[in-house]
Amino acid sequence: MTAESTMTTSVTMESATTASGAIKKGGKLLGIESGRGIAAMLVVFYHAARHMQQDIGYLPLHGIANFGHAGVDFFFVLSGFIIYYVHGFDFSHPERLGHYIERRFTRIYPFFWCVLAVTLVLAALSTHQPFPGIARVVKTFFLFPQIEDPIVGVAWTLELEVVFYLIFACAILSARWGIALFSVWLGFILACGVTGYVSTHSALLNELGRSFDIEFFFGIAAAVIIRRKIKLPRGLLPIGAILFLLAGTVENLGHLDGFGTLARYAYGLPAFMILLGLAERERAGRLKLHPLLVTLGSASYAIYLTHLISIGVIYKLLSVTKLLGVLPVTLTYLALCIGSIAAAVLISRYVEYPLMGRVRRILA
């Protein structure tokens, strides 16, 4: 679950927030940044519950976090929004391609390689699964599309991100060709959704036809609306949030396949509304945020990439110390969630951002 990718870049406006809340140059869309943090926590809640289910046989808290994977849907919509909002003016400006590639590379790859290295070390120490082959390691290292699961479990979302970035890069070289490619891609996504086509031989076609890809276009549409300063209804944010939670409730009740094509619209369109509502409220100076939400948003990429490792380590520690049999199920679940999120915030502050800054200075 990227964004930008999921989650994966600071959202900057063309203008910074003044005392009255208007936006002026250099500011961040902190509302969207905070939303990214909430989406990352949803994914953590989901995986922590699934991890416990393998051991205790049922989902904690009556399965309330069963729809938490939908945080990935928010990440994809957010990614489309961010990339177009930040780089939309670069269309048909090939001289900007180098800057675009540098920003995307440094935001995703250096920290991902750290997480991949840790995952490989843990795999080497494990007695329960074979060490992955060199071909699989190379594909995961570069985030190449692949039929099999990547070594880092959540990296499949980053593979989709990279495909999106490359198509967007074509628009920077030539807006005409880029828009043509996006149009063909959109048509292919819709055709795959209608026919149920899934390529079993081409990893690239499989990535290009995934139903999740439609959410990039939702995000781009949201960025176009915000850039054109179209006046939006004030109730967009709460309505979007209610619809998102309603879809989650329907899934939890067993009436929606959370991984089917319909779910991409059931979650993606409300996420589109939430983004528009957050951006509009912040632009109008009507959005107040707790600093913790901003912190979680800033650390969302680290939360997303490291939480599976942290959940496994914390669960193992609880088992070794014999606390699993003592702590109530709910407290164990909370320990997994809070512990993995807290660890990611520290990792983000002391590893992710310093590493990204250092790589950018080297490339500069």
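All residue numbers refer to positions in the sequence shown, counting from 1. Worth knowing before you read on, the calculation uses all heavy atoms, side chains too, and leaves out hydrogens, waters and symmetry mates.
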Review point. Quick one: does Leu232's side chain get under 4.5 Å of Ile226's, heavy atoms only?
Key: yes
With Phe76 as partner, the option from Phe164, Phe216, Phe272 fulfilling ring pair (Phe, Tyr, Trp, His ring centres under 6.0 Å) is Phe216
Are Phe105 and Leu363 packed together at the side-chain level, in the sense that at least one heavy-atom pair is separated by less than 4.5 angstrom? yes
The side-chain hydrogen bond (donor to acceptor under 3.5 Å, both in side chains) partner of His87 among His93, Arg103, Arg104, His99 is Arg104
Test side-chain contact (heavy atoms from CB on, under 4.5 Å), reference Phe81, set Leu29, Val224, Leu276, output is Leu29
* Asked: Under 6.0 Å between the ring centres of Phe112 and Phe142?
  -> no
Heavy-atom check, side chain of Tyr353 versus side chain of Phe111, under 4.5 Å: no
- Side chains of Ser300 and Arg36: is there a donor and an acceptor less than 3.5 Å apart? yes
**OP:** Could you tell me whether Trp177 atom CH2 has more than 12 heavy atoms of other residues or ligands within 6.0 Å of it?
**Re:** no
Item to check | Lys NZ or Arg CZ of Arg96 over Phe89 ring: under 6.0 Å, within 45° | outcome: no
| request: Check whether the side chains of His69 and Arg50 place a donor and an acceptor atom closer than 3.5 Å, and report yes or no. | output: no
(message) Counting neighbours of CG on Leu186 that are heavy atoms of other residues, nucleotides or ligands and sit closer than 6.0 Å, is the number greater than 12?
(response) yes
Residues at least two apart in sequence or cross-chain that pass side-chain contact (heavy atoms from CB on, under 4.5 Å) with Ala169, listed by chain then number, are Leu97, Tyr100
Handout entry: Hydrophobic cluster identity match, Leu305 and Val118, side-chain contacts under 4.5 Å
Key = yes
